[in-house]
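Written out below as structure tokens is the structure these notes cover.
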There are 2 protein chains.
Amino acid sequence: MTESNNQPYHHGDLRRVLIEAALGMLQEDKGLQFTLREIARRAGVSHAAPYRHFSDKVALLVDVAEVGFEKMGEQLTAAIQENLPIEEQLIAIGKAYIEFGISNPALYQLMFSADVKEKEDEPAAMATLNILITLLKRGQEEGAFKIRPIQGQAAACCAMVHGLTMLAINGLLVPEKFGENPIESALATLSEGISG
Amino acid sequence: MTESNNQPYHHGDLRRVLIEAALGMLQEDKGLQFTLREIARRAGVSHAAPYRHFSDKVALLVDVAEVGFEKMGEQLTAAIQENLPIEEQLIAIGKAYIEFGISNPALYQLMFSADVKEKEDEPAAMATLNILITLLKRGQEEGAFKIRPIQGQAAACCAMVHGLTMLAINGLLVPEKFGENPIESALATLSEGISG
DNA sequence: ACCTGAACACCGTTCAAGT
DNA sequence: ACCTGAACACCGTTCAAGT
């Protein structure tokens, strides 16, 4: 009797429930055409209820995307293995990034959608960028990487990894066009452009 | 009197007019949330008329995307300058690609959207890939490029260029993060991974 | 303070009916 | 053969009204 199992008139934490419902739908459906009304339906509230917690549909999406960035950040930091040579660390973090995108295609696309990018103060997005920059700096100091402007190398890494993720999500990385292991090959090419 | 200036009861070539209307809207609006009803409105027909020419809204979008690929193909072939050294040709074609995307953000995103990629028999998309592969082969034969599987190098080029275009369109290539010329820097890094 | 129901202006799609 | 108008089932959003 400590907790009532029939939902209370004023839902406990509807805000979080709505975000979780949206995350669940993004995992199921590949497309991101999920509706606010459907989210409310899943949360068991009327379609007007979300407007007490979010000013807008995109406001909800922005918060969902933020959770996505946090999850990605965790996955990337988990992929760091300090004992490996630095070139391999760079490859490993790139693979982890792409893996996250391929495993959560709808969420990833939402995170980088035009609707969302208009607010986003880059919470964990900035964090992952800092991981990369730290790695590049250390690589240059150790003499493993070419001495180049760090920000330029970072741009190359982000673009390559983002491009591979997007192409993979849209099913364009087919073997007939790009061979058996396009991701490995592309990351190797990037690595050769940075190392040496 | 050779042509009647009041539109005929049965519109001349509504199919093409609808595609042109859609292209016009893509040039104006940045987002790709344009509606079929608005397209019909612009074409001066009822919102049901498009269904005599396209089975679906996405069917229209697929045809619009195809025109986009043709336009991009023209722009890329126009950017080829045979007299330049081959490394610079690679850079030049990459820049032309990104330039097209930045100049036509909504159209570019439509061309690579999940909705559209489901039909598309890759018309001009394949053509531009062949331009790239020819270039890479010649570079390897001339000894300017590293001897590597062509398809892998092609994957690296496509991913880099696609990633830069998408990041640029979404306004994420800001100087505070990636320096003054992220596109130049990233293409230079790619080039260093391929040449040598 | 939080939620519901009805309402409004919009979609995509269909279908009988017009020319 | 091609187009229109009304209709259907859906959205996002708002707002009076309920608890």
Side-chain angles (χ1 to χ4, degrees), chain A residues 3-26 28-65 106 110 113-116 118-119, chain B residues 3-26 28-65 106 110 113-116 118-119:
Chain A
E3 297 179 5
S4 67
N5 49 3
N6 53 350
Q7 57 257 36
Y9 341 97
H10 293 53
H11 199 131
D13 186 1
L14 183 53
R15 182 185 183 84
R16 183 129 302 270
V17 172
L18 290 168
I19 291 174
E20 294 296 332
L23 283 166
M25 291 172 67
L26 284 173
E28 296 168 22
D29 304 331
K30 196 174 171 69
L32 52 83
Q33 275 85 16
F34 63 130
T35 72
L36 191 54
R37 284 172 110 108
E38 172 81 15
I39 294 171
R41 239 171 264 139
R42 295 220 178 184
V45 295
S46 85
H47 58 261
Y51 287 89
R52 294 298 125 186
H53 300 274
F54 303 96
S55 65
D56 215 84
K57 185 188 180 184
V58 289
L60 208 196
L61 297 187
V62 167
D63 281 23
V64 171
L110 174 67
S113 73
D115 286 343
V116 164
E118 310 223 325
K119 192 215 163 195
Chain B
E3 297 177 4
S4 68
N5 48 4
N6 52 349
Q7 58 257 38
Y9 340 98
H10 292 54
H11 199 131
D13 186 1
L14 183 53
R15 183 185 183 86
R16 184 129 301 270
V17 172
L18 290 166
I19 292 175
E20 294 296 332
L23 283 167
M25 290 171 67
L26 285 172
E28 296 168 21
D29 304 331
K30 196 176 170 69
L32 52 83
Q33 274 86 12
F34 62 129
T35 72
L36 192 53
R37 284 172 110 108
E38 171 81 14
I39 295 171
R41 238 171 264 138
R42 294 219 179 185
V45 294
S46 86
H47 58 263
Y51 287 88
R52 296 296 127 187
H53 300 274
F54 303 96
S55 64
D56 217 82
K57 184 188 180 184
V58 288
L60 207 196
L61 297 186
V62 167
D63 280 23
V64 170
L110 174 67
S113 74
D115 287 343
V116 164
E118 311 223 324
K119 193 214 160 193

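Note on naming: letters A, B, ... go to the chains in the order of the sequence lines (proteins, then strands), and numbering restarts at 1 for each one. Atoms considered below: every heavy atom in the structure, side chains included; atoms not considered: hydrogens, waters and symmetry mates.
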With B/Arg37 via side chain to side chain contact (heavy atoms under 4.5 Å, CB included) - residues at least two apart: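 Checked B/Arg37 against side chain to side chain contact (heavy atoms under 4.5 Å, CB included); matches are B/Thr35, B/Arg41, B/His47.
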
Residue list, side chain to side chain contact (heavy atoms under 4.5 Å, CB included) with A/Ala49, at least two apart or on another chain: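 With sequence neighbours excluded, A/Ala49 shows a side chain to side chain contact (heavy atoms under 4.5 Å, CB included) to A/Leu14, A/Val45, A/Ser46, given in chain and number order.
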
DNA chain C-proximal residues of residues 47-61 of chain B, any heavy atom under 4.0 Å: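 Residues of residues 47-61 of chain B that come under 4.0 Å of DNA chain C are, in numerical order, B/His47, B/Ala48, B/Tyr51, B/Asp56, B/Lys57.
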
Quickly work out the [X] [atom1] to [N] [atom2] distance and round it to whole Å.
| X | N | atom1 | atom2 | answer |
| --- | --- | --- | --- | --- |
| B/Ile39 | C/dT13 | CD1 | P | 11 Å |
| A/Leu14 | C/dA1 | CG | P | 17 Å |
| B/Arg41 | D/dG5 | CZ | P | 14 Å |

When you get a sec, tell me which of [options] is the closest nucleotide to the side chain of [X]?
| X | options | value |
| --- | --- | --- |
| B/Ser46 | C/dC3, D/dT4, D/dC11 | D/dT4 |
| A/Leu36 | D/dT13, C/dG12, C/dC3 | D/dT13 |
| A/Val45 | C/dC11, D/dT4, C/dT4 | C/dT4 |

In residues 52-64 of chain B, what donor-acceptor pairs under 3.5 Å come from side-chain atoms, sequence neighbours left out?
from, atom 1, to, atom 2, distance (Å)
B/Lys57, NZ, B/Phe34, O, 3.3
B/Asp63, OD2, B/Arg15, NH2, 2.7

Non-hydrogen atoms of B/Ala65 and B/Val116 that approach each other most closely: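 In this case the closest contact between B/Ala65 and B/Val116 is CB-CG1, 3.8 Å.
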
Nearest-nucleotide 5' precedence on DNA chain D, B/Arg37 against A/Glu38: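 Result of the comparison: B/Arg37.
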
Spacing of A/Glu20 atom CD and A/Leu23 atom CG [to the nearest 0.5 Å]: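 Nearest 0.5 Å value for the CD-CG distance: 5.5 Å.
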
Pairwise distance CG(B/Leu36) to CG(B/Leu18) - rounded to 0.5 angstrom: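 It comes to 8.0 Å.
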
B/Gln33: side-chain hydrogen bond (donor to acceptor under 3.5 Å, both in side chains) partners, not counting sequence neighbours: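 Testing B/Gln33 for side-chain hydrogen bond (donor to acceptor under 3.5 Å, both in side chains), a comparison that skips the adjacent residues, returns none.
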
Touch class at under 4.0 angstrom, heavy-atom based, for A/Thr35 against every strand present: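 The residue A/Thr35 makes sugar-phosphate contact but no base contact.
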
Distance test, side-chain N/O of B/Arg15 to OP1/OP2 of D/dA1, below 4.0 Å: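 Checking B/Arg15 against D/dA1: no side-chain N or O falls below 4.0 Å of OP1 or OP2.
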
Pair pattern of DNA chain C in dot-bracket, where unpaired bases get dots and | marks partners in another strand, Watson-Crick or G-U under 3.5 angstrom: ||.|||||...|||||.||

